[in-house]
Visitor: 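Take a look at this one; I'll ask things after.
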There are 2 protein chains.
Amino acid sequence: MTESSRGVKAILHESFAEIAKAAAHPHRLALLEHLAQGERNVDALATVTGLNLANASQHLQSMRRAGLLSARRDGKFTLYRLADDSVLDLLDAIGRIATSNAAAVKEVVSSYFNERDAMEPVTRRELRQRMKAGTVTVLDVRPAEEFALGHVPGAINVPVGDLKRRLADLPRSKEVVAYCRGPYCVFAFEAVAALRAAGYRARRLEDGLPHWRADGLPVAL
Amino acid sequence: MTESSRGVKAILHESFAEIAKAAAHPHRLALLEHLAQGERNVDALATVTGLNLANASQHLQSMRRAGLLSARRDGKFTLYRLADDSVLDLLDAIGRIATSNAAAVKEVVSSYFNERDAMEPVTRRELRQRMKAGTVTVLDVRPAEEFALGHVPGAINVPVGDLKRRLADLPRSKEVVAYCRGPYCVFAFEAVAALRAAGYRARRLEDGLPHWRADGLPVAL
DNA sequence: CTCACATTCTATCGTTCGCTTGATTGTTGG
DNA sequence: CCAACAATCAAGCGAACGATAGAATGTGAG
C-alpha cells in the first residue's frame, strides 16, 4: 500500500536520496577512498581515517544498508569493500562537479595540485604500452598495506614519506610514473614534485589504482 | 589557517560531502529531474513538485550554493538550471548504484518497468539514423511546458494523459519511439504499453531528453 | 508611486543525524 | 571453558536539517 499509493516516482527519489545521503559526509568519503583500494576491516579503517571505532562501524553499516558497500566475515574480522564499481563512478561524478563548480575545490586544485604537476598525467593506456616497452619505472606511493591489497604489476612501493631515503631504488635513466589512491590523492603529486627536485623525469598516472582495476587492467598482489 | 592546518584532504572531503548532501533529499532529486529538462522559475518548480514555495526556494538555493545549480534573474523571475552536464552524471551514477544494489529500486524496476517494456530501448544513435531515414515517429510524452523548453527535432508532443484521445495523430505505419524525462521517468514506459495495446509497434528511447541534449544532439525549441 | 507578484529572509519547532560512552555479542586461540 | 579481541548495539547529547508561517525585498506594470 505504501508503495503504490506514494507512487513509483516517490519511491525512486527516496531510494536515490538514501544513496546520496550515504555518501554525504566527509568521514564517509574518507572511508570510501580507502575502501576503493581494497577490502579492509573496521579497525584498520578506523585507524587510518582517525575515527573512533564505534563511529567508523556505524558509518560503514549505514553505507552498507544504502548499497554502497558490502561486507563479509572472515574469522573475527568484518571485511568491508565497495559494493560495485559504480560507486567509483559516483565519486568521480562528485569530483567533477566539485572541480568545476565548488570554489574551495577549484582553489585547492589550482593552487596545490597544479603547481606541483603542471604536466598532463600519463593515461592508463599510455602507461600500459610503455610498461611493455620497458621505458618506465612505475612507482606506487601508497602505504605498504594498500600496496599489498593490489598494485600495478611491476610497480615499486615507496610510500611518500620514505621517498627521499630510498631514491637509490629508482634508476635515473627511465622516466618515473607515480600513482596513489585516486585523482585527488596528494601523495602522487608530492612524489612527482620531490622526484623532479632530485633531477628525475617524473609524471603522474591519471587517477589511481582503483580506476586501473575498474578498467580491467591487470593487478598484482 | 583553517585551510592549511586541516589539510588538503579534509577540505576536499568536506567539499565533496557538500555536493553529495545537496542531492541527498527526495525533494531535491525531484527538482533536479525537472531542472534537467530546462530552465524553470521557482514557482513553476514548486508547483510541479508539490512543494511549498518557500521550501522549494530554500532547496534550490542550497543546491545553488553547493554548485549543482546556477541561477539568473529574468524580470521578476529567478530562473534556475543545472550548473553543468556533470550533474546528470551524478544522477546517473546514483541510479546505477540504486538499480544494482538497492532492494526497493530493484523491485520497482523489475516489477513496474520491465513488465511494461521487455524490449531493449532504442539507442540515441539508432534513433538519429532512423529519423534521417524517416522510418520512425518520435513521441515526446512530457507535459507541454517541458516540450517547449526543448525537444527532439520533429517529435510530436502528446502528454501521456492525452495519449488515448490523440492516437489519431500517430500513423500506424511507422514504429513509434517514445521518450520523456530520463531513464526512470514512467511516462515513456506507460506510453509504450498503451501504444502496443492499441496495436502499434512502439519502443522507448534510452534515457530521456536531458541525455540527448548532453550528447550534443540537436534540440528543437 | 503604488500595486501586484516572485522570491527570499527570519524565526521557530520538531526531527534526524553524528558522536561518545559503556555494555553486549561473536569468534578464535590457549 | 576462558581470555582476548573484533565488532556491534543501546542510550543520550548537542548540532544540523527541513518545513512552515509571516515579514521583507526586489522588480515590472499601470
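We name chains A, B, ... by the order of the sequence lines, and we start the count at 1 in each one.
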Visitor: What pairs with A:Ala214 under side chain to side chain contact (heavy atoms under 4.5 Å, CB included), at least two apart in sequence or on another chain?
Guide: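 Checked A:Ala214 against side chain to side chain contact (heavy atoms under 4.5 Å, CB included); matches are A:Asp85, A:Leu88.
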
Visitor: Rounded to the Å, how far apart are A:Asn41 CG and C:dT28 P?
Guide: 14 Å

Visitor: Using a 4.0 Å cut-off to any heavy atom of chain B, which nucleotides of DNA chain D are the first and last in contact, reading 5' to 3'?
Guide: D:dC17 to D:dG28

Visitor: Would you say the ring centers of A:Tyr184 and B:Phe16 fall short of 6.0 Å from each other?
Guide: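 Yes.
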
Visitor: Quick one, B:Leu139 and B:Val177 - any side-chain contact, counting heavy atoms below 4.5 Å?
Guide: no

Visitor: May I ask you to check whether over 12 heavy atoms, not counting those of B:Arg64, lie within 6.0 Å of atom CZ?
Guide: no

Visitor: Pairs of donor and acceptor atoms involving the side chains of residues 75-83 of chain A, under 3.5 Å and at least two apart or interchain, shall be tabulated with distances.
Guide:
from, atom 1, to, atom 2, distance (Å)
A:Arg81, NE, A:Glu39, OE2, 3.4
A:Arg81, NH1, A:Ser70, OG, 3.4

Visitor: Determine all donor-acceptor pairs shorter than 3.5 Å in which one atom belongs to a side chain in residues 150-164 of chain B; sequence neighbours excluded.
Guide:
from, atom 1, to, atom 2, distance (Å)
B:His151, ND1, B:Phe147, O, 2.9
B:Asn157, ND2, B:Asp140, O, 3.0
B:Asn157, ND2, B:Arg142, O, 2.9

Visitor: Keeping to residues at least two apart or across chains, list the salt bridge (charged side-chain N to carboxylate O under 4.0 Å, His left out) pairs with something in residues 176-185 of chain A.
Guide: A:Glu146-A:Arg181

Visitor: Would you kindly give the NZ-to-P distance between A:Lys76 and C:dT28, to the nearest whole Å?
Guide: 9 Å

Visitor: Only pairs at least two apart or in different chains count here, so list each salt bridge (charged side-chain N to carboxylate O under 4.0 Å, His left out) that has a residue in residues 51-63 of chain B.
Guide: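 Counting only pairs at least two positions apart or across chains, no salt bridge (charged side-chain N to carboxylate O under 4.0 Å, His left out) contact touches residues 51-63 of chain B.
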
Visitor: Take the protein atom CG of B:Asp43 and the nucleotide atom P of C:dC5, then report the distance between them rounded to whole Å.
Guide: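 Checked: the CG to P distance equals 12 Å.
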
Visitor: Please give the angle, rounded to 10 degrees, between the axes at the start and the end of the helix from C:dC1-D:dG30 to C:dG30-D:dC1, where five pairs define each axis.
Guide: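 Here the local axes at opposite ends form an angle of 30°.
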
Visitor: Under the side chain to side chain contact (heavy atoms under 4.5 Å, CB included) rule, collect the residues that match up with A:Ser100, sequence neighbours excluded.
Guide: B:Asp84, B:Ser86

Visitor: Which heavy atom of A:Leu68 sits nearest a heavy atom of A:Ala22, and at what distance?
Guide: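 Heavy atoms of A:Leu68 and A:Ala22 come nearest at CD2-CB, 3.8 Å.
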
Visitor: Whole angstroms only, please: what is the CE-P distance between A:Met63 and C:dC17?
Guide: 15 Å

Visitor: With sequence neighbours excluded, tell me which residues meet side chain to side chain contact (heavy atoms under 4.5 Å, CB included) with A:His25.
Guide: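 So A:His25 forms a side chain to side chain contact (heavy atoms under 4.5 Å, CB included) with A:His27, A:Arg28, A:His59.
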
Visitor: Distance check needed: C:dG29 C1' versus A:Phe77 CZ, whole Å only.
Guide: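 So the two atoms are 13 Å apart, to the nearest Å.
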
Visitor: Could you go step by step and tell me if B:Cys185 and B:Glu33 meet the side chain to side chain contact (heavy atoms under 4.5 Å, CB included) rule?
Guide: CA-CA 9 Å; B:Cys185 179; B:Glu33 185 177 349; 4.2 Å; yes

Visitor: Can you name the side chain to side chain contact (heavy atoms under 4.5 Å, CB included) partners of B:Arg65, sequence neighbours left out?
Guide: B:Gln61, B:Ser62

Visitor: Send over the distance from A:Leu51 CG to C:dC19 C1', rounded to a whole Å.
Guide: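 Rounding to the nearest Å, CG of A:Leu51 and C1' of C:dC19 are 10 Å apart.
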
Visitor: Which atom pairs link the protein and nucleotides 8-10 of chain C when you take only N or O atoms and keep those under 3.5 Å?
Guide:
from, atom 1, to, atom 2, distance (Å)
C:dT8, OP1, B:Tyr80, OH, 2.9
C:dT8, OP2, B:Ser57, OG, 2.4
C:dC9, OP2, B:Gln61, OE1, 2.6
C:dT10, O4, B:Gln58, OE1, 3.4

Visitor: Among residues 24-39 of chain B, which contact DNA chain D at a heavy-atom distance under 4.0 Å?
Guide: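 Listed by number, they are B:His25, B:His27, B:Arg28.
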
Visitor: Mind calculating the distance between CG (B:Asn55) and P (C:dC13) to the nearest angstrom?
Guide: 18 Å

